[in-house]
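Note on naming: letters A, B, ... go to the chains in the order of the sequence lines (proteins, then strands), and numbering restarts at 1 for each one.
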Amino acid sequence: MTSPVVRVRFAPSPTGYLHIGGARTALFNWLFARGQGGQFVLRIEDTDSERSKPELIDVIFRSLEWLGLDWDGTPVHQSERGEMYSAAIDALLATGNAYWCDCTPDAVKARAEARGGQPGYDGHCRERGLGPGEGHVVRFRVPDEGTTAFDDVIRGHVSFENANLEDFVIKRSNGTPMFHLANAVDDADQGITHVVRGEDLINVTPKVLLIREALGTPGELTFAHLPLIVNEKRQKLSKRRDDVSVGDYIDRGYLAEAMVNYLATLGWGPPDGIEIRPLAEIVELFHLEDVNSSGAFFDVKKLQHFNGEYIRDLSLPQFVGKSTRWLYDDAPWPAERFDVATFEVLAPLVQERVKLLSEVPGYVDFVFQPDPTIDEASWEKVMVKAPELAVAVLDHAAGAFADCTWDAATLEVVLFAYSDEHGVAKGKVQAPVRVAVTGRTVGPPLFESLEVLGRDETLRRIAAARARL
RNA sequence: GCCCCCAUCGUCUAGCGGCCUAGGACACCACCCUCUCAAGGUGGCGGCACGGGUUCGAAUCCCGUUGGGGGUGCCA
């Protein structure tokens with residue numbers, strides 16, 4: 001077997017759920033790999049045992065599966081590769097590229113302040129010849145001179161003066177490796193060819209490069225730093241202040257296809273301007289070097305538009321199937337009153353109206369609830385503002401609906417007979433009936449709704465509303 | 001403070017020296033369609049941050065300014 005030309009990795013840290021930024025990073029890695037016929041592997045960066053939560057690993061996997069981003073091989077867990085990292089650290093120590101340090105964070109900070117506020121480690125233990133011991137860490141000896149640079153696929157040449165890099169920790173006092181070290185070792189061990197990640201990691205790149213060099217790692221890594229996804233204030237999306245968990249979007253009724261498609265437009269655009277299109281086409285058109293370098297705002301409105309397009313594109317069975325959890329689990333009606341066959345009659349009408357699957361119940365709840373939930377604003381607008389018309393229309397409907405043929409077409413004709421007789425717009429005439437029967441001014445087409453509801457229930461609701469006037 | 005990155009409509013983008021009086025999409029506005037709401041159709045609003053160069057010619061190349069952002073942890 002020949003090694004693939006391209007092998008990329010997505011390396012989440014299980015300190016939280018998969019968020020929008022991580023999903024986009026995973027997607028771009030995946031797009032690049034699939035487009036190149038390469039491999040996309042996973043690596044769990046859980047060297048920080050304090051923060052990593054094992055149970056989140058599975059959540060991240062499931063989110064990736066939901067997005068449809070399949071990975072190659074078995075995910076690697078850094079927490080299980082301690083010996084590899086220790087060996088690398090020992091090698092660095094042996095070659096003088098690293099040294100032991102017993103400075104506490106407070107001491108480092110205090111000296112920095114004494115120096116005049118320039119933060120960072122001052123190399124205090126560089127020549128002290130310390131060995132392992134309680135509270136000792138291992139630091140990487142950064143060359144005093146020279147520059148460490150790389151050619152970023154997206155940003156071009158990026159260069160750092162080594163003098164500006166401090167001697168950073170590669171092994172914590174508790175014995176675990178820091179991520180720069182693990183990163184360098186794993187990228188080499190897993191045969192990674194391209195590192196595609198967020199721009200927030202661009203400044204750790206020289207550290208990883210320095211470690212690779214000191215370790216004598218053969219081959220070269222190509223970097224591509226993706227623009228950050230930002231909030232309305234143009235700050236990096238944060239789990240704290242922003243609403244960014246992929247799981248939350250699943251719960252709100254977004255389709256994976258819409259999410260993936262939308263995410264692909266953040267930092268990249270197809271040359272022909274057609275944004276909404278099958279993933280396979282995006283794979284075909286996507287080129288890493290075409291990715292933008294400036295931050296992109298996560299626009300939920302546009303995501304919703306994409307979602308609406310994808311929902312309308314579903315076949316009826318697909319739409320019904322995708323709606324399932326909103327029809328059974330948290331539906332606003334008693335489970336025993338729900339009937340799929342009835343829902344399927346209205347489903348096509350609902351499908352072209354919703355942008356989110358979570359909106360589905362709101363369009364059909366009047367059918368499955370014993371009584372319609374009256375929306376006060378709707379009642380006010382239609383019944384209270386124009387009581388005479390409401391009374392007249394309701395009385396007309398009660399009479400006309402009592403013995404006509406019960407189908408949408410006939411219902412429309414008999415109700416709108418009132419329009420013709422009194423010269424009142426159809427829109428005005430349907431409103432009182434709609435509010436009386438469904439509780440709202442907005443909903444699926446009225447006559448189809450009535451047909452599904454049935455004559456008895458329709459008349460009962462009209463009478464109830466009439467009594468309330 | 002220091003280091004790094006970025007800069008086309010409100011937003012996401014196309015543009016990679018002449019096809020640009022800058023194209024598309026979302027949002028917004030108007031009109032059409034219409035039983036409500038959507039969907040759909042038509043039209044509209046709206047942008048190359050600024051200043052210098054380079055060039056016959058710059059949104060596109062270079063420099064500077066300004067403005068954003070990221071990093072600066074024994075997090076990743």
Could you check whether [X] gets within reach of a base, just the sugar-phosphate, or nothing at all, counting any heavy atom under 4.0 Å?
X: A/P227; value: nothing
X: A/G443; value: base
X: A/V169; value: sugar-phosphate

Please confirm whether any donor atom in the side chain of A/R155 sits under 3.5 Å from an acceptor in the base of B/C5, or the reverse.
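No, no donor-acceptor pair under 3.5 Å.
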Check this for me: does the side-chain of A/S173 come within 3.5 Å of the base of B/C74 through a donor and an acceptor?
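Present.
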Taking only side-chain N and O atoms of [X], does any of them lie within less than 4.0 angstrom of OP1 or OP2 on [N]?
X: A/N292; N: B/U13; result: yes
X: A/S294; N: B/G68; result: no
X: A/K236; N: B/G71; result: yes
X: A/K381; N: B/U36; result: no
X: A/R234; N: B/C12; result: yes

Between [M] and [N], how far apart are the [atom1] atoms? Round to whole Å, please.
N: B/C9; M: B/U60; atom1: P; answer: 14 Å
N: B/G70; M: B/G53; atom1: C1'; answer: 30 Å
N: B/C19; M: B/G52; atom1: P; answer: 23 Å
N: B/U55; M: B/C61; atom1: C1'; answer: 10 Å
N: B/G67; M: B/C50; atom1: P; answer: 15 Å
N: B/G47; M: B/A14; atom1: C1'; answer: 13 Å
N: B/C48; M: B/U8; atom1: C1'; answer: 4 Å

Looking at the side chain of [X], which of [options] is the nearest nucleotide?
X: A/D290; options: B/A76, B/C16, B/U72; result: B/C16
X: A/I202; options: B/G73, B/G1, B/C4; result: B/C4
X: A/D48; options: B/C4, B/C35, B/A76; result: B/A76
X: A/Q235; options: B/A38, B/G1, B/G70; result: B/G70
X: A/F160; options: B/U11, B/U36, B/C4; result: B/C4
X: A/A296; options: B/C35, B/U13, B/A7; result: B/U13
X: A/T265; options: B/C2, B/C12, B/U36; result: B/C12

B/S/- contact track for nucleotides 19-26 of chain B, protein heavy atom under 4.0 Å:
-----BBS
Any pair with a residue in residues 13-28 of chain A that passes salt bridge (charged side-chain N to carboxylate O under 4.0 Å, His left out), sequence neighbours left out, goes on the list, sorted by first then second residue, please.
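Counting only pairs at least two positions apart or across chains, no salt bridge (charged side-chain N to carboxylate O under 4.0 Å, His left out) contact touches residues 13-28 of chain A.
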Can you pull out every salt bridge (charged side-chain N to carboxylate O under 4.0 Å, His left out) where at least one residue sits in residues 358-368 of chain A? Sequence neighbours excluded, please.
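Pairs touching residues 358-368 of chain A that pass the test: A/D365-A/R440.
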5' precedence on RNA chain B between A/T47 and A/K426 (nearest-nucleotide basis):
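Result of the comparison: A/K426.
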Heavy-atom nearest nucleotide on RNA chain B for A/P119 versus A/V442: which residue maps closer to 5'?
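Residue closer to the 5' terminus by nearest nucleotide: A/P119.
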Distance, rounded to the nearest Å, where A/F10 contributes CZ and B/A76 contributes P
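Going from CZ in A/F10 over to P in B/A76 covers 15 Å.
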A/W268 has an atom CH2; how far is it from atom P of B/U13, in whole Å?
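From A/W268 CH2 to B/U13 P: 12 Å.
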Any donor-acceptor pair under 3.5 Å linking the side-chain atoms of [Y] with those of [X]?
X: A/Y85; Y: A/D186; value: yes
X: A/N97; Y: A/E213; value: no
X: A/D407; Y: A/T405; value: no

Look through every strand shown and name the nucleotide pairing with B/A25 as Watson-Crick or G-U wobble, where both distances are under 3.5 Å.
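The answer is B/U11, by the H-bond criterion.
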Charged tip of A/R139 within 45° of A/Y121 ring normal and under 6.0 Å
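Because its charged atom sits under 6.0 Å from the ring centre and within 45° of the axis, A/R139 does stack over A/Y121.
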Electrostatic pair A/E284-A/R277, nearest N-O below 4.0 angstrom:
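A/R277 and A/E284: not salt-bridged.
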